[in-house]
Chemist: 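I'd like to ask some things about the structure below.
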Amino acid sequence: MKQPKKVYLIDTNIILRFLLGDHSELSPKATAFMSKVANGTVKAEMLDVVTAECVYVMEKFYRIPREKISEKLSKILNFSGIVNSNRSELLQALLKFETSNTDIVDCVLAAMSSSLRVVVSFDKDMLKLKAVTETL
């Protein structure tokens with residue numbers, strides 16, 4: 001029987017060091033790893049919570065504009081080695097984040113909502129994001 005291929009769960013610090021190139025020791029290591037993910041040599045997953053944390057840190061701490069954040073993270077999600085089952089929803093959430101003034105968590109909720117996965121929220125932004133919602 002064939003062994004399943006290992007999948008790496010990428011932490012926020014790897015993504016940030018890769019994107020920012022701001023650490024003389026860690027950034028080259030992150031870049032080498034992410035290059036393997038980019039060409040599909042290594043399989044990896046970028047979880048929703050990691051995506052949200054990346055957005056938060058890049059926006060609040062590094063003051064990177066929303067468009068650049070969306071562009072950079074979307075590029076990673078499109079790497080050959082990324083195996084997220086919810087890739088299209090995360091890409092949609094990043095687009096919603098880029099084009100609205102709404103926080104990333106609401107964008108993820110809206111992107112993942114459907115007639116069978118209904119968002120329950122008091123947040124009026126859900127209507128703006130075209131989330132499938134129900135009112136309590």
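What you are looking at is a predicted structure, and each value in this text was computed from that prediction instead of being measured.
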Chemist: Could you tell me which non-hydrogen atom of D103 sits nearest to which non-hydrogen atom of F97, and how far apart they are?
Modeler: C-CD1, 4.4 Å

Chemist: Is N101 atom CG crowded by more than 12 heavy atoms from other residues, nucleotides or ligands, each under 6.0 Å away?
Modeler: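 It does not: N101 CG has 12 such atoms or fewer within range.
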
Chemist: Where the side chain of S74 meets the backbone of L91, is there a donor-acceptor pair that is under 3.5 Å apart?
Modeler: no

Chemist: Could you walk me through whether I64 and L20 satisfy the side-chain contact (heavy atoms from CB on, under 4.5 Å) test, starting with their C-alpha distance in whole Å, then the side-chain angles of each, then the deciding distance to 0.1 Å, before giving a yes or no?
Modeler: CA-CA 10 Å; I64 297 172; L20 302 172; 3.8 Å; yes

Chemist: CG/L19 to CE/M34 distance, rounded to the nearest 0.5 angstrom?
Modeler: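 Reported to 0.5 Å precision, the distance equals 7.0 Å.
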
Chemist: Any idea which heavy atoms bring D11 and V50 closest together, and the distance?
Modeler: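 Residues D11 and V50, closest heavy atoms: C-CG1, 4.0 Å.
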
Chemist: How long is the gap from NZ on K43 to OG on S80, to the nearest 0.5 Å?
Modeler: 7.0 Å

Chemist: In the single-linkage hydrophobic clustering (I, L, V, M, F, W, Y; side-chain heavy atoms under 4.5 Å), do F122 and V105 co-cluster?
Modeler: no

Chemist: Working to the nearest 0.5 angstrom, can you tell me the gap between N86 CG and M112 CE?
Modeler: 4.0 Å

Chemist: Checking T102 side chain against C107 main chain: does a donor-acceptor pair fall under 3.5 Å?
Modeler: no

Chemist: Mark yes when over 12 heavy atoms from residues, nucleotides or ligands other than Y8 sit less than 6.0 Å from its OH; otherwise mark no.
Modeler: no

Chemist: On a heavy-atom basis, which atom in L77 and which in R87 lie closest, and how many Å separate them?
Modeler: O-NH1, 2.7 Å

Chemist: Could you measure the distance from the CD atom of E98 to the CD1 atom of I104? Nearest 0.5 Å is fine.
Modeler: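 CD1 of I104 is found 10.5 Å from CD of E98.
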
Chemist: Distance-only, no hydrogens or angles: does the R66 side chain make a donor-acceptor pair with backbone N or O of S100 under 3.5 Å?
Modeler: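 Such a contact is found between R66 side chain and S100 backbone.
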
Chemist: For K75, is the NZ atom crowded, meaning more than 12 foreign heavy atoms sit under 6.0 Å from it?
Modeler: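 At most 12 heavy atoms, drawn from other residues, nucleotides or ligands, come within 6.0 Å of this atom.
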
Chemist: Using atom types as modelled and distance alone, determine if a side-chain donor or acceptor of S113 lies under 3.5 Å from a backbone N or O of A110.
Modeler: yes

Chemist: Treating Ile, Leu, Val, Met, Phe, Trp and Tyr as nodes and any side-chain heavy-atom pair under 4.5 angstrom as an edge, say whether I76 and V49 lie in one connected cluster.
Modeler: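 Yes, same cluster.
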
Chemist: How many angstroms lie between atom CD of E67 and atom NZ of K72, to the nearest 0.5 angstrom?
Modeler: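 With rounding to 0.5 Å, CD (E67) is 12.0 Å from NZ (K72).
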
Chemist: Does one hydrophobic cluster hold both V55 and Y62, with members joined at side-chain heavy-atom distances below 4.5 Å?
Modeler: yes

Chemist: Let me check something: do L109 and V132 share a hydrophobic cluster, defined by ILVMFWY side-chain heavy atoms less than 4.5 Å apart, either directly or through other members?
Modeler: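 L109 and V132: separate clusters.
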
Chemist: Specify the closest pair of heavy atoms between I15 and I10, including all atoms of both residues, with the distance to one decimal.
Modeler: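 Shortest heavy-atom contact: CG1-CG2, 3.6 Å.
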
Chemist: Which pair of non-hydrogen atoms, one from V118 and one from S115, has the smallest distance, and what is that distance?
Modeler: CG2-O, 3.6 Å

Chemist: Taking side chain as C-beta onward, heavy atoms only, is L16 less than 4.5 Å from V57?
Modeler: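 The answer is yes, as the side chains (C-beta and beyond) meet within the 4.5 Å cut-off.
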
Chemist: What's the spacing between L94 CG and I69 CD1 if we round to 0.5 Å?
Modeler: 9.5 Å

Chemist: Which of these passes side chain to side chain contact (heavy atoms under 4.5 Å, CB included) with Y56: M58, E59, E53, K60?
Modeler: K60

Chemist: Of the non-hydrogen atoms in A131 and V119, which two are nearest, and what is the gap between them?
Modeler: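 Smallest interatomic distance, heavy atoms only, reads CB-CG2, 4.4 Å.
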
Chemist: Can you tell me if S27 uses its side chain to pair, donor with acceptor, with the backbone of R17 under 3.5 Å?
Modeler: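 At least one qualifying donor-acceptor pair exists.
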
Chemist: Is F33 reachable from F18 through a run of hydrophobic residues whose side-chain heavy atoms are each under 4.5 Å from the next?
Modeler: yes

Chemist: Tell me whether the count of non-hydrogen atoms from other residues, nucleotides or ligands lying under 6.0 Å of CZ in F79 goes above 12.
Modeler: yes

